[in-house]
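Notes follow the structure.
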Amino acid sequence: MFHILIVEDNANIRKLMAARLEQEGYVIYQAEHGRKALEILDIQHIDLIICDIMMPQMDGYQLTQILREADYTAPILMVTAKESFEDKKKGFQLGSDDYMVKPINLNELVLRVAALLRRARISTERKITLGDIVLDYDTLTVTTKDTVYELPKKEFYLLFKLLSYPKQIFTRQHLLDEIWGMDTDVDERTVDSHIKKLRKKFEDLEEFKIITIRGLGYKAEKKV
């Protein structure tokens with residue numbers, strides 16, 4: 001069960017987000033500004049933070065900077081009325097993981113929260129071992145008995161995702177949203193291209209296979 005902290009000075013918006021996320025089974029904590037958020041974080045484990053920017057006492061930029069300087073690694077989703085490129089750039093540079101502009105669609109919020117939590121799970125599970133094969137998230141490498149493959153980021157993330165959930169079917173759109181981001185301009189053919197490259201590189205390995213599910217997407221099967 002994931003714990004989410006909503007930091008928002010507008011009580012109505014905060015309650016609406018909380019109610020929608022509680023429908024999805026999340027445990028929700030609420031703070032009206034950054035200082036209150038820090039108090040909650042001192043005593044409660046939080047898996048993800050949804051944070052407004054313009055708040056009294058301590059704004060979202062300040063909160064994000066403090067948390068990242070303290071090596072706090074949980075995902076931060078900024079939700080704000082500030083929509084200029086410079087505002088978004090500042091948020092990402094300080095350490096936010098995603099950005100939504102008000103007024104927000106609550107269903108989209110749910111999708112973005114789920115995607116961020118999945119990415120966070122992958123990034124904390126740093127290695128996958130399949131017999132003599134090791135996938136190392138930190139180095140983006142796949143090591144076999146004879147070879148160390150250094151993969152491009154997207155190829156590695158795609159393979160790591162599939163092997164993290166063997167036999168689970170992922171649609172192309174799901175993989176696009178999670179690995180390339182929901183705002184990307186690339187289309188589903190990009191996923192097909194990366195799958196083709198992965199198959200060619202690892203076609204001789206017996207430890208796993210990437211399976212096409214016609215009309216749906218892809219899954220990986222472990223053979224060990």
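As a basis for the values below, the full set of heavy atoms in this structure was taken, side chains included, without hydrogen atoms, waters or symmetry mates.
Smallest separation of non-hydrogen atoms from Gly34 and Met55: N-CE, 4.1 Å. When all heavy atoms of Glu207 and Leu130 are compared, the closest pair comes out as CG-O, 3.5 Å. Across Tyr26 and Leu117, no two heavy atoms sit closer than the pair CE2-CD1, 3.6 Å. In terms of heavy atoms, Gln168 sits closest to Lys219 at O-CB, 3.3 Å. For Gly60 against Cys51, the heavy-atom pair with the smallest separation is CA-SG, 3.5 Å. In terms of heavy atoms, Met58 sits closest to Ile66 at CE-CD1, 3.6 Å.
Two residues are said to be in side-chain contact when any heavy atoms from C-beta on lie closer than 4.5 Å; Phe208 and Ile128 fail this criterion. Counting heavy atoms from C-beta on, the side chains of Leu159 and Glu155 never come closer than 4.5 Å. A heavy-atom distance below 4.5 Å is found between the side chains of Thr144 and Leu205. Using a 4.5 Å heavy-atom threshold, the side chains of Ile6 and Leu21 count as touching. At a threshold of 4.5 Å between non-hydrogen side-chain atoms, the residues Lys201 and Val142 do not count as touching. Looking at Thr212 and Tyr218, their side chains come closer than 4.5 Å, going by heavy atoms from C-beta outward. Between Glu8 and Ile50 there is no side-chain heavy-atom pair separated by less than 4.5 Å. Under the 4.5 Å side-chain criterion, counting only non-hydrogen atoms from C-beta, Asn10 is not in contact with Asp52.
Distance check: His174 NE2 to Leu216 CG gives 13.0 Å after rounding to the nearest 0.5 Å. Between Asp47 atom CG and Leu5 atom CG the span is 11.0 Å, to the nearest 0.5 Å. The line from CD1 of Ile28 to CZ of Arg14 is 12.5 Å long, rounded to the nearest 0.5 Å. Distance check: Leu63 CG to Leu38 CG gives 5.5 Å after rounding to the nearest 0.5 Å. Atom CG of Leu41 and atom CD1 of Ile46 lie 6.0 Å apart (nearest 0.5 Å). Rounded to the nearest 0.5 angstrom, Leu158 CG and Ile210 CD1 are separated by 6.5 Å.
At least one donor-acceptor pair under 3.5 Å links the side chain of Lys209 to the backbone N or O of Glu203. Side chain of Asp136 to backbone of Lys127: no donor-acceptor contact under 3.5 angstrom is found. No side-chain donor-acceptor contact under 3.5 Å links Lys154 to the backbone of Trp180. Side chain of Gln62 to main chain of Asp59: a donor-acceptor pair is present (N/O by atom type, distance under 3.5 Å, no hydrogens or angles). At distances below 3.5 Å, not a single donor-acceptor pair connects side-chain atoms of Thr64 with backbone N or O atoms of Ser96. A donor-acceptor contact shorter than 3.5 Å is absent between the side chain of Arg20 and the backbone of Leu106.
Ring orientation note: the planes of Phe160 and Tyr137 are nearly perpendicular, at an angle over 60° on the 30°/60° scale.
At most 12 heavy atoms of other shown residues, nucleotides or ligands fall within 6.0 angstrom of atom NZ in Lys89.
A salt bridge links Asp97 to Arg68: at least one charged side-chain nitrogen sits closer than 4.0 Å to a carboxylate oxygen.
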**Request:** Would you please test Met78 and Phe92 for side-chain contact (heavy atoms from CB on, under 4.5 Å) and show each step?
**Result:** CA-CA 9 Å; Met78 284 191 168; Phe92 284 122; over 6 Å; no

**Asked** Passes side-chain contact (heavy atoms from CB on, under 4.5 Å), Tyr99 versus Thr80? Steps please.
**Response** CA-CA 8 Å; Tyr99 198 106; Thr80 178; 3.1 Å; yes

**Asked** Could you walk me through whether Lys36 and Gln30 pass the side-chain contact (heavy atoms from CB on, under 4.5 Å) check?
**Response** CA-CA 9 Å; Lys36 180 64 176 178; Gln30 300 182 42; over 6 Å; no

**Request:** Could you walk me through whether Asp9 and His33 pass side-chain contact (heavy atoms from CB on, under 4.5 Å), step by step?
**Result:** CA-CA 6 Å; Asp9 63 325; His33 50 67; 5.8 Å; no

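Ile169 and Leu163 fall into different hydrophobic clusters, where Ile, Leu, Val, Met, Phe, Trp and Tyr side chains are chained together by heavy-atom contacts under 4.5 Å.
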